[in-house]
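Everything on this sheet refers to the single structure shown next.
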Protein chains: 2
Amino acid sequence: MSFDHVSDSTVRRLSNYLRVLDELGKEGEAVVSSQGLAERAGVTSAQVRKDLSYFGTFGRRGRGYEVAVLESEVRGILGLDRRWRVGLVGAGNIGSALFAYKEFARQGFDIVAVFDDAADRIGAKLGELEIRPMDDFERVCRERGVEIGVIATPAKDAQAIADRMARVGLRGILNFAPRKLFVPDAVALRTVNMAIELESLSFALAQDEEKRHGRRRFPAG
Amino acid sequence: MSFDHVSDSTVRRLSNYLRVLDELGKEGEAVVSSQGLAERAGVTSAQVRKDLSYFGTFGRRGRGYEVAVLESEVRGILGLDRRWRVGLVGAGNIGSALFAYKEFARQGFDIVAVFDDAADRIGAKLGELEIRPMDDFERVCRERGVEIGVIATPAKDAQAIADRMARVGLRGILNFAPRKLFVPDAVALRTVNMAIELESLSFALAQDEEKRHGRRRFPAG
DNA sequence: TGTTGTGAAGGCGTTCACAGCC
DNA sequence: GGCTGTGAACGCCTTCACAACA
């Protein structure tokens, strides 16, 4: 039995707990209650306890959780106790920013190859790495043991690249292109879609606008 | 009555429908069924119809939806039929990438001011805009009528900046710092947290790893 | 006939509330 | 006494299934 039944929301909250635990550790706190953790993470204490309960029992009744112990447990649960070899496709604005993004390496993701098809980028360097043409994609992925692909290309190219990533056997894809991708079940896919966040922010602001000005654009019910 | 009861998931799906409708339009399709839209968006047809039903009735029974009409309706719903004035805080890797990110302007978000506190960045230019020190934040926001703030700073500074943004009256915040922020109800907040996506990808891969190797790190149930 | 729009049913995640334990 | 761990209740979102209608 595996832990597929753990919801995505739970996993995402674990990430937040981990950051809070990291902070608490730096502040010298040795023990924290579900209540204390919850306040900093912006959730309820019951939620914290329920989330953790899916993976084991880490606390002591009447006392709380050892910060250091819980942090290390959560790291393990999230699979952050090992490193992954990453191939980056797209060396434009977003790709370059990702390459320089320290969080990436800090979480155990090492970019070991960069690809782009723009003639003026091929052969250029990103850090120590030479930017390769997509023709070399499959060969270089095999040579360097790439396990995870990051897509930072225009939306129109994203699905074709995801297909190649799946075909060459990559196990996970992090997609930054503003497009819904379809991949085989064997490939884990996560998407960072700024367009969606922008648009959902725009929606919230537009709603607010209506309230202020009393406009009614949609059926009142 | 407003549309606060519309779930966030519905709004996020509307964003996807909008991109699909845009594609369909470019492909010359005049009409699309909920089924057709659903397939491209990766959801069910019932979901599409239900999502749209919160805002009105846009289709014709027995026929489907006019692509152009629906696209324009969804644009309106998402508040993408106007432009917003944006202030960007943080001109490092992510801030610069955002500045150059075309989707931003395309969706109606115009960056009209850039702030950073690093001595070597103040006074430099990002596009046409001079990078200003945070001391000027409130004044420049008022002068230029900034309505939305974007946070692209290290995590440790993010909350303090969010506080200043709320205090000066910004109505929305888009946060790229990997930290949970707390803002007044009057301020709309959206977060793009790459660390969370990375970690949830890591979790999925670690689960997969266990399946392959038969390891059991968590209580089997 | 074909497809929408929508009440009702179902499923899933969150919250409650308390037994169990330190 | 205090706090965790968890079954049960709750509420929300999704899916179903069909009446309404072009």
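Within every chain, numbering begins at 1; the chains are lettered A, B, ... in the order of the sequence lines, protein sequences first and strands thereafter.
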Contact under 4.0 Å: B/Tyr65 side-chain N or O vs D/dA22 OP1/OP2: no
Atom-pair distance (NE2 on B/His5; C1' on D/dT14), nearest Å: 15 Å
Lys/Arg-Asp/Glu bridge criterion (N-O < 4.0 Å) met for B/Asp22, B/Arg75: no
Any N/O donor-acceptor pair, B/Arg61 side-chain to C/dT3 base, under 3.5 Å: no
Spacing of A/Leu52 atom CG relative to C/dT15 atom P, expressed in whole Å: 15 Å
salt_bridge(A/Asp163, A/Arg167) N-O dist < 4.0 Å: no
Length of the line joining A/Gln47:CD and C/dC16:P, which is rounded to integer Å: 11 Å
Presence of salt bridge, A/Glu23 and B/Arg179, under 4.0 angstrom: yes
OP1 or OP2 of D/dT15 under 4.0 Å from side-chain N/O of B/Thr44: yes
Between D/dT4 (P) and A/Arg60 (CZ): distance, integer Å: 12 Å
d(OH, B/Tyr17; P, C/dT4) in whole Å: 12 Å
Sugar-phosphate only, base, or nothing, as touched by B/Ser9 at under 4.0 Å among non-hydrogen atoms: sugar-phosphate
D/dC3 phosphate, OP1 or OP2, under 4.0 Å from A/Ser34 side-chain N/O: no
Given C/dT3, D/dC16, D/dT4, the nucleotide with the shortest approach to the side chain of B/Ser33: C/dT3
Side-chain donor/acceptor contact of B/Arg63 with base of D/dA22 under 3.5 Å: no
Nearest-Å distance for atom pair NZ/P, residues A/Lys50 and D/dA9: 13 Å
Test: A/Arg82 and A/Glu147 ion pair at under 4.0 Å: yes
Minimum-distance nucleotide (side-chain atoms of A/Tyr54 versus D/dC18, D/dC13, C/dT14): C/dT14
Residue B/Arg49, side-chain atoms from C-beta onward, closest of D/dG5, C/dT14, C/dT4: C/dT4
Atom pair distance, as rounded to whole Å: CZ in B/Arg13 and C1' in D/dT14: 8 Å
Centroid-centroid under 6.0 Å between B/Phe58 and B/Tyr65 rings: no
Whole-Å distance separating the CZ atom of B/Arg12 from the C1' atom of D/dC13: 15 Å
